[in-house]
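For reference, the structure is listed below as structure tokens.
If you read the sequence from its start, that first residue is 1, and numbering goes on from there. Everything numeric here is computed off the predicted structure, so don't read it as measured data.
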Amino acid sequence: MLNPDNTFTATVLGLPRIGPNRELKRAIESYWAGRIDAAALHDIAAGLRAAQLVRVRDAGLDSVPVGTFSYYDQVLDTAVLLGALPDRVCGIEDELDRYFAAARGTAEIAPLEMTKWFDTNYHYLVPELSAVTEFSLHSDKPLAELKEALALGIPARPVIVGPITFLKLAKSVDGSDLLDRLPDLLPLYERLLGLLAEAGARWVQLDEPVLVTDLSETELALVHTAYRRLAEMPARPALLVASYFGRLGEALPILAATGVEGIAVDLVAGGDADVVAAQSLRDILVVAGIVDGYNVWRVDPARALPRLAALRDGGAPVAVSSSCSLLHVPYSLDAETALEPRLRSWLAFGAEKIAEIRMLASALNEGQDAVGEQLESARTAVRDRRSDIRLHNATVRARLAAATVARRAPAAERRTLQQQRLHLPLLPTTTIGSFPQTGRIRVARAELSRGEIDRAEYDARMRAEIAEVVALQEEIGLDVLVHGEPERNDMVQYFAEQLDGFAATGNGWVQSYGTRCVRPPILFGDVVRPAAMTVGWSSYAQSLTAKPVKGMLTGPVTILAWSYVRDDQPLADTARQIALAIRDETADLEAAGIGIIQVDEPALRELLPLRRADQAAYLDWAVDSFRLATSGVADATQIHTHLCYSEFGEIIGATVELDADVTSIEAARSHMEVLDDLTAAGFDLGVGPGVYDIHSPRVPSPEEIEKSLRLALKAVPAERLWINPDCGLKTRRTDEVIASLRNLVAAAQALR
């Protein structure tokens with residue numbers, strides 16, 4: 001039974017951890033490099049946590065999530081909490097080094113697999129479990145962070161990944177049904193809840209985002225069993241079960257019948273269906289995720305307040321919240337002084353979203369007059385955004401209405417024409433595109449930004465980098481070369497900065513995985529390509545070698561997925577606008593003599609709706625946008641694409657429908673498992689399964705790569721098999737890259 005004295009009114013579901021200026025990223029990388037020790041790292045982390053908690057408390061939240069801090073990933077943290085790290089790392093005595101070995105591997109130890117966190121660009125580490133995994137509780141981290149927060153006077157709410165989500169996201173290494181392990185996990189959660197209650201926690205948040213996916217009746221019954229058991233515990237904190245990224249649907253009444261005190265619902269992604277369903281709740285705190293935690297647009301009070309009022313009038317207590325963790329948006333707009341003022345007025349980053357939550361909570365509980373000026377400012381920004389002419393470009397809309405997707409010749413015919421043009425050996429070797437971003441590149445970019453060098457000097461330095469990378473690839477013996485992308489700060493931002501309808505931030509960093517941070521551009525208007533974006537760089541690289549050089553582009557779905565996208569029109573319409581711009585670029589590359597063009601779509605799986613009923617429509621427009629972008633070239637021009645770190649089994653059909661001549665995919669951590677899925681789907685195009693895991697510092701031996709390739713050859717005939725790393729090399733050290741690529745070429749030569 002919910003205690004009315006133990007409710008709250010305004011919160012968020014989670015907080016970012018990299019630091020407002022990526023302080024944690026730099027500290028962790030310094031620790032890896034040996035420049036600081038563990039004590040220094042822990043001190044930096046503690047300072048970041050304390051400063052953030054105080055900021056959030058002072059902004060007016062009366063329940064603050066703690067425990068969402070991580071040195072790498074919250075799912076990995078849960079594996080540590082439950083004693084579920086793989087045996088191969090357990091021999092490492094130092095706790096922190098053991099943790100990082102599981103995350104990124106060592107020279108001798110392979111890391112855990114990594115994949116996308118639901119339909120976001122955040123990546124999580126996949127726990128490896130079996131029927132005989134021995135679980136044990138290691139509660140130091142959540143207890144320490146709770147104690148730390150309470151000492152600061154923070155109304156702290158510990159956050160833990162829930163047992164259903166943990167088991168559903170883990171990988172079964174022996175084929176067993178991991179949900180059968182639920183009875184073994186629940187005693188650990190009970191003990192943890194008891195410890196947190198003793199330490200002073202009044203609420204605990206258990207994150208169960210898997211509840212917004214399609215669950216069987218058996219799985220829903222397990223949800224009821226698990227949370228009924230936890231709710232029946234004596235002397236425990238109040239339980240908030242949090243879902244996000246979609247609608248709870250049939251899981252909502254299941255949860256409501258368990259006895260938990262609170263349920264968090266994502267009213268941004270979940271829509272009005274969950275509003276209607278949540279109106280039926282009684283004696284349960286509805287934590288209403290009405291402020292978008294995954295996008296950057298200001299909240300529309302005209303839409304938000306009636307939905308909140310409908311929940312309140314239904315009879316349940318209501319707390320206003322973000323729709324998901326603020327992990328996915330930048331810290332604050334304060335640093336974005338260079339953004340156009342009009343556009344800036346439409347936006348809300350993390351700090352601004354917290355202010356919006358407080359505003360809506362005050363309007364709901366005290367009346368709109370209490371925050372009338374703030375509400376009017378928000379309404380004005382929403383009206384102004386809708387009226388901006390940059391959101392309604394008649395020329396691009398007319399071009400799209402007339403655009404058609406031409407069918408290319410059958411794959412076998414294209415393969416013959418392309419081989420006649422390219423003269424590639426059996427088992428051709430290549431890379432995905434980027435090479436390490438050297439210190440020289442970073443210095444040149446910084447000097448250009450500060451005005452210390454002009455564009456001509458910067459371009460000359462980039463050409464020197466390209467010449468060096470091309471020569472290196474020639475010396476190593478790769479068959480299809482790349483220019484290395486030294487001029488690109490990011491595979492999406494680079495294009496966004498050259499396309500109308502986008503804006504770039506100065507400090508809008510968010511975490512993608514570990515210490516990898518990205519600055520998603522803001523896609524606010526209709527998309528137009530004013531001029532060629534890559535042709536000069538690719539043409540220059542091709543002029544340096546007789547071997548084919550790939551033109552490198554980012555695909556429309558990935559640009560969409562890795563940007564903060566306008567929410568005033570269907571995603572499909574925006575994707576087609578981007579596709580038209582990329583199509584123009586492919587035509588210009590072909591006209592410049594580039595015979596291979598790679599259009600990367602690593603985010604194809606990422607945007608796949610979480611409910612099966614919604615997936616077919618998405619895949620139709622995603623495939624259509626890729627084919628619109630790539631079908632404007634001749635059959636003798638070879639089209640490549642790249643997909644990475646996804647559950648490929650769910651998009652195999654779409655991968656076939658893309659009709660790319662060569663598809664490179666992540667396979668190093670998953671040991672070529674995806675190839676059987678491709679074969680079963682009738683895939684008869686070229687495929688390059690990654691044989692080198694670029695997210696680990698390990699250098700694979702020629703023998704290890706050859707072993708992987710022999711596995712690949714069981715599923716793919718040699719005439720269709722390519723050899724490549726599993727992703728771009730931008731984040732790796734040059735010495736690691738050279739050694740790994742030499743071994744890759746040696747393995748290819750041995751197999752030939």
Has S323 got a side-chain atom pairing as donor or acceptor with G289's backbone, closer than 3.5 angstrom? no
Start with the C-alpha distance between I18 and W509, add both sets of side-chain angles, then the distance that settles side-chain contact (heavy atoms from CB on, under 4.5 Å), and finish with yes or no. CA-CA 9 Å; I18 59 172; W509 296 101; 4.2 Å; yes
Verify the distance criterion only: is there a donor paired with an acceptor across the side chains of H642 and S664 at less than 3.5 Å? yes
Ionic contact status for R414 with D635, cut-off 4.0 Å: no
Salt bridge between E336 and R344, side-chain N to carboxylate O under 4.0 Å? no
Cationic N near anionic O, under 4.0 Å, D624 to R576: yes
Are T68 and Q74 linked by a side-chain donor-acceptor pair shorter than 3.5 Å? no
State which residues pass salt bridge (Lys or Arg N to Asp or Glu O under 4.0 Å) with D388; sequence neighbours excluded, sorted by chain then number. R342, R390
Just so I know, are the side chains of V212 and R247 near enough to count as touching, which here means a heavy-atom distance under 4.5 Å? no
Taking R104 first and then D693, would you say they form a salt bridge - that is, a charged N and a carboxylate O separated by under 4.0 Å? no
Do R583 and S631 have side-chain atoms, one donor and one acceptor, less than 3.5 Å apart? yes
Spacing of OG1 belonging to T505 relative to CG belonging to L347, to within rounding of 0.5 Å: 10.0 Å
Given the rule in the side-chain contact (heavy atoms from CB on, under 4.5 Å) test, do E497 and F502 qualify, once you have shown the distances and angles that lead to the verdict? CA-CA 7 Å; E497 289 175 346; F502 284 86; over 6 Å; no
Would you say the side chains of T120 and E606 form a donor-acceptor pair under 3.5 Å? no
Quiz item: cation-pi between R488 and Y494, 6.0 Å / 45°: yes
R566 (side chain) donor-acceptor with L391 (main chain) under 3.5 angstrom: yes
So how far is it from L589 CG to I596 CD1, rounded to the nearest 0.5 Å? 12.0 Å
Under a plain distance cut-off of 3.5 Å, with no hydrogens placed, do E590 and T637 share a side-chain donor-acceptor pair? yes
Under 3.5 Å, side chain of Q437 to main-chain N/O of K730, donor-acceptor pair present? no
If we ignore angles and hydrogens, is there a donor and acceptor under 3.5 Å between the side chains of T558 and E601? yes
Is the distance between the ring centroids of F245 and H328 less than 6.0 Å? yes
Regarding N507 and Y331, do their side chains bring together a donor and an acceptor under 3.5 Å, going by distance alone? no
According to the interplanar angle, ranging from 0 to 90°, do the rings of Y124 and W117 count as parallel (below 30°), tilted (30 to 60°) or perpendicular (above 60°)? perpendicular
Does the pair R529/D588 count as a salt bridge with the N-to-O cut at 4.0 Å? yes
Is there a donor-acceptor contact under 3.5 Å from the side chain of Q577 to the main chain of V527? yes
Quick test of your reading of the model: are R386 and D300 salt-bridged, counting only N-O distances below 4.0 Å? yes
Under 3.5 Å donor-acceptor, S387 side chain and D384 backbone: yes
Okay, side chain of R408, backbone of G632: is any donor-acceptor separation there less than 3.5 Å? no
Cut-off 3.5 Å, side chains only: do D207 and Y244 have a donor facing an acceptor? yes
Can you tell me if N724 uses its side chain to pair, donor with acceptor, with the backbone of T431 under 3.5 Å? no
So Y513 and H123, would you call those rings parallel, tilted or perpendicular, with 30° and 60° as cut-offs? perpendicular
Working note: I639 + D661, criterion side-chain contact (heavy atoms from CB on, under 4.5 Å); need CA distance, chi angles, decisive distance, verdict. CA-CA 5 Å; I639 294 293; D661 297 300; 3.7 Å; yes
L619 and its side chain to side chain contact (heavy atoms under 4.5 Å, CB included) partner, picked from L607, I651, D614: I651
Spell out, as yes or no, whether a donor-acceptor pair under 3.5 Å connects the side chain of K353 to the backbone of D292. yes
Whether W297 side chain and V565 backbone form a donor-acceptor pair below 3.5 Å: yes
I'd like to know if the side chain of H640 pairs up with that of Q638 as donor and acceptor (distance under 3.5 Å, no hydrogens or angles considered). yes
Show the numbers, then the answer: is there a side-chain contact (heavy atoms from CB on, under 4.5 Å) between S243 and D266? CA-CA 7 Å; S243 71; D266 182 342; 5.5 Å; no
Side-chain touch R307/L267, heavy atoms, less than 4.5 angstrom: yes
Can R298 be said to sit on top of W346's aromatic six-ring, NZ or CZ under 6.0 Å from centre and within 45° of the ring axis? no
Any side-chain to backbone donor/acceptor pair from S539 onto G536? Under 3.5 Å, distance only. no
